[in-house]
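Position 1 is the first residue of the sequence, and the numbers go up from there. Keep in mind it's a predicted model, so treat the numbers as computed, not measured. What's counted below: heavy atoms across the whole structure, side chains too, no hydrogens, waters or symmetry copies.
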Amino acid sequence: MGALVLAQGGDFVPPGVGDFFLPPIVGGVTKPMVLVVLSVVIVAAFFLIASRNLKVVPGKLQYAAESVYDFGRNNIARDQIGSADFRPFVPLILALFTFILVNNLFGIIPLIQFPTFSHIGFPLALSLLVVYPVYHIAGFRRHGFTGYLKNQLFPAGAPKPIYLLLTPIEFFQKFVMNPITLAIRVFAAMFAGHLILLVFTLAGSYLLLEASAVLKPVSLISWAFAILMTFVEALIQVIQAYVFAVLSAGYIGMALAEDH
């Protein structure tokens with residue numbers, strides 16, 4: 001969780017934004033950078049090992065890998081993009097879901113205890129440099145440059161005078177806000193969840209070590225809430241990975257669709 005100070009002169013010092021900026025491990029390499037690389041290794045190793053010796057009747061590891069693949073393929077990619085177009089995008093959607101899931105779960109793994117996506121730069125880079133160009137390029141290839149812009153900015157069926165108001169809104173949403181909000185959703189959830197865990201954990205330690213004898217038992221309540229919030233945070237981490245993948249697939253599906 002970083003170098004956190006529980007108390008200074010007997011006063012409780014609550015955790016804040018500064019506690020998310022960890023000192024470099026060596027040179028300019030920080031813990032979040034290492035975790036991003038580690039997550040790639042974990043995801044790649046999981047699928048490579050699980051598919052090394054495929055069997056008709058799968059073992060536990062093969063079954064787990066097939067379940068994750070089936071979920072990403074059918075419940076996310078096919079549902080959001082459509083059965084006619086989803087296949088080329090399955091690797092991307094599966095990679096997004098598993099990559100984000102592992103990085104989120106780092107926040108509750110002992111000794112690691114840091115969700116990588118609580119740094120806005122990582123989800124923003126994933127959204128702007130990966131998802132954003134993919135769905136726009138897919139749309140340009142499907143409809144052509146002019147056809148895609150018309151499809152996205154001029155929804156069919158609206159009265160022509162309405163386009164004076166509607167088209168700027170559509171442009172701002174589709175070409176500016178979509179990638180930003182995609183990143184902010186997962187960042188905000190990971191940042192807030194980790195901060196809440198820090199508050200309850202450090203408050204419990206402070207009450208035990210620094211508070212009066214009457215208040216020391218309250219530290220157990222604080223730690224109980226920390227444990228409870230850990231389970232809640234685990235659920236949110238899975239949901240946010242799913243939401244990011246679903247929205248990414250949804251943007252691709254909208255870019256490919258004939259109608260707005």
Side-chain angles (χ1 to χ4, degrees), residues 1-8 12-49 68 92 94-131 179-206 208-209 222-223 225-245 248:
M1 292 183 183
L4 298 171
V5 179
L6 296 180
Q8 293 179 348
F12 178 67
V13 179
V17 175
D19 296 313
F20 287 79
F21 293 91
L22 308 179
I25 298 174
V26 57
V29 179
T30 62
K31 181 177 180 179
M33 295 179 184
V34 174
L35 293 180
V36 165
V37 176
L38 178 60
S39 68
V40 174
V41 173
I42 291 173
V43 172
F46 170 71
F47 284 107
L48 287 173
I49 294 173
V68 173
L92 171 65
L94 183 64
L96 288 173
F97 174 69
T98 52
F99 175 73
I100 296 171
L101 179 61
V102 172
N103 278 282
N104 287 352
L105 290 176
F106 281 153
I108 59 171
I109 295 178
L111 301 181
I112 297 179
Q113 292 177 299
F114 191 89
T116 318
F117 277 34
S118 63
H119 277 207
I120 185 61
F122 293 111
L124 197 59
L126 198 62
S127 178
L128 289 175
L129 302 180
V130 179
V131 179
I180 296 175
T181 55
L182 182 64
I184 288 177
R185 283 183 182 91
V186 62
F187 156 72
M190 294 304 99
F191 180 87
H194 194 59
L195 190 61
I196 290 172
L197 291 179
L198 287 178
V199 168
F200 282 118
T201 302
L202 296 181
S205 299
Y206 173 78
L208 180 64
L209 299 175
S222 183
W223 282 329
F225 272 102
I227 295 172
L228 175 64
M229 289 305 301
T230 298
F231 288 101
V232 175
E233 181 66 4
L235 176 62
I236 294 174
Q237 288 165 350
V238 176
I239 291 174
Q240 286 301 319
Y242 171 73
V243 168
F244 194 101
S248 300

Quiz item: Could you walk me through whether L124 and F187 pass the side-chain contact (heavy atoms from CB on, under 4.5 Å) check?
Solution: CA-CA 9 Å; L124 197 59; F187 156 72; over 6 Å; no
Does [Y] offer a backbone N or O that forms a donor-acceptor pair with the side chain of [X] under 3.5 Å?
X: S127; Y: P123; answer: no
X: S39; Y: V36; answer: yes
X: H119; Y: F20; answer: yes

Looking at every non-hydrogen atom in both residues, tell me the closest pair between [X] and [Y] and how far apart they are.
X: E233; Y: G193; result: OE1-CA, 3.2 Å
X: L22; Y: T30; result: O-CG2, 4.3 Å
X: T98; Y: L94; result: OG1-O, 2.8 Å

Do [X] and [Y] have side-chain heavy atoms sitting under 4.5 Å apart?
X: L101; Y: V43; result: no
X: V243; Y: V186; result: no
X: F191; Y: P115; result: no
X: F244; Y: V131; result: yes

Quiz prompt | Positive for side chain to side chain contact (heavy atoms under 4.5 Å, CB included) with I100, one of N103, V102, N104 | solution = N104
As an exercise, state the distance from [atom1] of [X] to [atom2] of [Y], rounded to the nearest 0.5 Å.
X: K31; Y: L38; atom1: NZ; atom2: CG; answer: 11.0 Å
X: R185; Y: I180; atom1: CZ; atom2: CD1; answer: 12.0 Å
X: L105; Y: I42; atom1: CG; atom2: CD1; answer: 9.5 Å
X: I112; Y: F106; atom1: CD1; atom2: CZ; answer: 5.0 Å
X: T230; Y: Q237; atom1: OG1; atom2: CD; answer: 9.0 Å

Practice problem: Decide yes or no on side-chain contact (heavy atoms from CB on, under 4.5 Å) for L126 and F99, but give the supporting numbers first. | Solution: CA-CA 10 Å; L126 198 62; F99 175 73; 4.1 Å; yes
Quiz item: Among all residues two or more places apart in sequence or in another chain, which pass the ring pair (Phe, Tyr, Trp, His ring centres under 6.0 Å) test with F200?
Solution: F225
